[in-house]
Each structure stands twice: as structure tokens, then as C-alpha cells.
Amino acid sequence: MTTPTDPAAVLLDFEDWANHRMFDACAGLTDEQLDHEFEMGLGTLRKTLMHDIGAMIGWTSVLEGREPEFSPDFGGDAPSSDRLREMHDQAMARFRAAGSEGYGDVLTPAREGTTYRFSRGGIVVHVTTHSMHHRAQCLNMLRHLGVEEQPPSSVFQWMLAHPPG
């Protein structure tokens, strides 16, 4: 597989790669660690990861022209790291397909009585930068939990791991 150079394709590949690095870092954590409360973001690693996956699923629904679905069924309030990774993989496949259909398309979703106008490209950038924001919070939570080896999480680190052909 060749490394993309188109900025939108880079964002999509980086998003998938960085989230997998975060899931790798969380795989060995206990439920107590995943649910440890912090005074930042959504409060816990698990809640933050669920939020990011839910946001991707919801915005993918918008890209697909469907009613936004921002609260997916995770199979309970405390899905395992494996379940989160599985849901991410499914969400990422849908997001990548829906997000790659033409970045200039204008979408007009309605929510709570308000109609919005968004470009497909704007949604792709929003979802990926929103996720990056929350991954930074997760990195801080991991650091506070004593996880010494922080997962790579920057586009620069992705570029080092995926040099162009």
C-alpha cells in the first residue's frame, strides 16, 4: 500500500493509524485504569474513546445523508478495549468511504430544529481534528496512569512511520 500525499487522504490514514496506536496503548490497562476519573475532557479514557467513536459514527451518518447517530450501542457502558477497536474499525471504514466522495459537496443536516450547511471536506477535517484533540487528552491520562511509553500521535510521527514510496 502506498503512502498517500493528498491532504485529505493523509488525514484519513493518519486518523486510523493514530487511533490504533491509542488502542494498543490501552489494551493492557485494567477496567479500573480505563475508568479512572480525571479532571479533563470527558473524564476517563473509556468515555473519551467512546465519545470519539460516537462522533465519527454520527458525522458519518451526516456524510451518508442519514439522520445523525451520535450515541451508538457499544454493548454496555464499559466496552472492552477490543470492542472499542472493533467499533472503531467499522466506523473508520464507513467514514473513509463516506468522506472520500467529493470534498466540495455541501450537506444540509438538521438537528434540534436547526439546519446547517457543511462541506464534506469540512466534516472530514472536523472529525479528524476533533479526534486529535481528544487523543491528546488520552495521552495526558495515560501519563497520569504511569504509562511510560506514550503512543505516537502526531502527523509527523505518522510520516516517519510511512515515508512516501
Side-chain angles (χ1 to χ4, degrees), residues 4 6-26 29 31 33-142 144 151 153-155 158:
D6 174 76
V10 167
L11 279 173
L12 291 168
D13 279 12
F14 164 70
E15 173 74 6
D16 193 26
W17 176 83
N19 285 336
H20 273 273
R21 304 298 71 80
M22 185 58 65
F23 293 129
D24 292 345
C26 292
L29 299 179
D31 282 336
Q33 290 171 309
L34 288 170
D35 295 326
H36 183 86
E37 289 284 339
F38 295 96
E39 290 188 25
M40 68 180 89
L42 290 127
T44 73
L45 279 164
R46 192 183 328 257
K47 286 178 186 174
T48 303
L49 295 171
M50 290 170 68
H51 170 75
D52 270 348
I53 294 165
M56 183 181 289
I57 290 170
W59 282 105
T60 299
S61 298
V62 172
L63 291 170
E64 294 170 339
R66 296 184 303 108
E67 185 70 26
E69 162 194 353
F70 287 100
S71 298
D73 179 9
F74 285 94
D77 292 336
S80 68
S81 292
D82 287 342
R83 176 67 177 143
L84 291 171
R85 185 187 301 262
E86 175 187 316
M87 287 195 69
H88 167 268
D89 288 349
Q90 293 168 3
M92 188 71 216
R94 277 183 55 213
F95 179 64
R96 187 183 296 272
S100 299
E101 291 184 9
Y103 301 115
D105 295 353
V106 175
L107 306 168
T108 55
R111 188 166 186 201
E112 298 176 4
T114 302
T115 300
Y116 300 91
R117 291 176 51 82
F118 301 120
S119 70
R120 187 175 302 277
I123 291 172
V124 168
V125 171
H126 167 67
V127 170
T128 56
T129 58
H130 169 264
S131 183
M132 184 181 288
H133 166 77
H134 286 299
R135 276 193 306 273
Q137 293 172 336
C138 288
L139 289 171
N140 200 12
M141 291 178 198
L142 288 170
H144 282 288
S153 62
S154 72
V155 175
W158 175 85

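All heavy atoms count here, side chains included; hydrogens, waters and symmetry mates do not. Please read all numbers here as calculations on a predicted model, not as lab measurements.
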> Looking just at side-chain N and O atoms, do His36 and Gln33 make a donor-acceptor pair shorter than 3.5 Å?
Replying inline: no
>> What verdict does the side-chain contact (heavy atoms from CB on, under 4.5 Å) test give for Ser61 and Arg94, after you've listed the backbone C-alpha separation in whole Å, the side-chain angles of each residue and the deciding distance to 0.1 Å?
In response: CA-CA 9 Å; Ser61 298; Arg94 277 183 55 213; 3.7 Å; yes
> How about Phe23 and Asp82: do any of their side-chain heavy atoms sit closer than 4.5 Å?
Replying inline: no
> Can any side-chain N or O of Arg46 pair as donor or acceptor with the backbone N or O of Pro79 at less than 3.5 Å?
Replying inline: yes
>> Could you measure the distance from the CD1 atom of Ile123 to the CE atom of Met56? Nearest 0.5 Å is fine.
In response: 13.0 Å
> Heavy-atom distance under 4.5 Å between the side chains of Leu49 and Ser81, does that happen here?
Replying inline: no
> Quick one: does Phe95's side chain get under 4.5 Å of Val124's, heavy atoms only?
Replying inline: yes
> Atom CD in Gln137, atom NE2 in His51: separation rounded to 0.5 Å?
Replying inline: 8.5 Å
> Under 3.5 Å, side chain of Arg120 to main-chain N/O of Leu63, donor-acceptor pair present?
Replying inline: yes
> What's the verdict on side-chain contact (heavy atoms from CB on, under 4.5 Å) for Lys47 and Glu37, showing C-alpha distance, side-chain angles and the deciding distance?
Replying inline: CA-CA 10 Å; Lys47 286 178 186 174; Glu37 289 284 339; 3.5 Å; yes
>> Do Trp17 and Met22 have side chains that approach each other closer than 4.5 Å (heavy atoms only, starting at C-beta)?
In response: no
> Can you check whether Ile57 reaches Met87 side chain to side chain, under 4.5 Å on heavy atoms?
Replying inline: yes
>> On a heavy-atom basis, which atom in Ala9 and which in Pro4 lie closest, and how many Å separate them?
In response: CB-CB, 3.6 Å
>> Do Glu15 and Ser131 pair up side chain to side chain, a donor and an acceptor below 3.5 Å, judged on atom types alone?
In response: yes
> To the nearest 0.5 Å, how far apart are CE in Met141 and CG in Leu42?
Replying inline: 7.0 Å
> How far apart are the closest heavy atoms of Leu29 and Ala25, and which atoms are they?
Replying inline: CG-O, 4.0 Å
>> A side-chain contact here means heavy atoms from C-beta on lying under 4.5 Å apart; do His144 and Met40 qualify?
In response: yes
> Which value, rounded to the nearest 0.5 Å, describes the distance between Leu84 atom CG and Asp89 atom CG?
Replying inline: 11.0 Å
>> Does Trp59 form a side-chain contact (heavy atoms from CB on, under 4.5 Å) with Glu64? I'd like the steps, not just the answer.
In response: CA-CA 9 Å; Trp59 282 105; Glu64 294 170 339; over 6 Å; no
>> Check Asp52 with Arg135, please: is the shortest side-chain N to carboxylate O separation under 4.0 Å?
In response: no
> Side chains of Asn19 and Arg85: does their closest heavy-atom pair fall under 4.5 Å?
Replying inline: no
> Rounded to the nearest 0.5 Å, how far does CG of Leu11 lie from OG1 of Thr129?
Replying inline: 8.0 Å
> Roughly how far apart are Ser119 OG and Tyr103 OH, rounded to 0.5 Å?
Replying inline: 11.0 Å
> Is the shortest distance from a Lys or Arg side-chain nitrogen in Arg96 or Asp13 to a carboxylate oxygen in the other one below 4.0 Å?
Replying inline: yes
> Between Thr60 and Ala91, what is the shortest heavy-atom contact and its length?
Replying inline: OG1-O, 4.4 Å
> Does a side-chain N-to-carboxylate-O contact under 4.0 Å join Arg21 and Asp24?
Replying inline: yes
>> Would His126 and His133 count as a ring pair (Phe, Tyr, Trp, His ring centres under 6.0 Å) here? Give the steps.
In response: CA-CA 10 Å; His126 167 67; His133 166 77; over 10 Å; no
>> Pair Trp158, Val10 - check side-chain contact (heavy atoms from CB on, under 4.5 Å), show working.
In response: CA-CA 9 Å; Trp158 175 85; Val10 167; 3.7 Å; yes
> Looking at side-chain heavy atoms only, is the closest gap between Leu12 and Ser100 below 4.5 Å?
Replying inline: yes
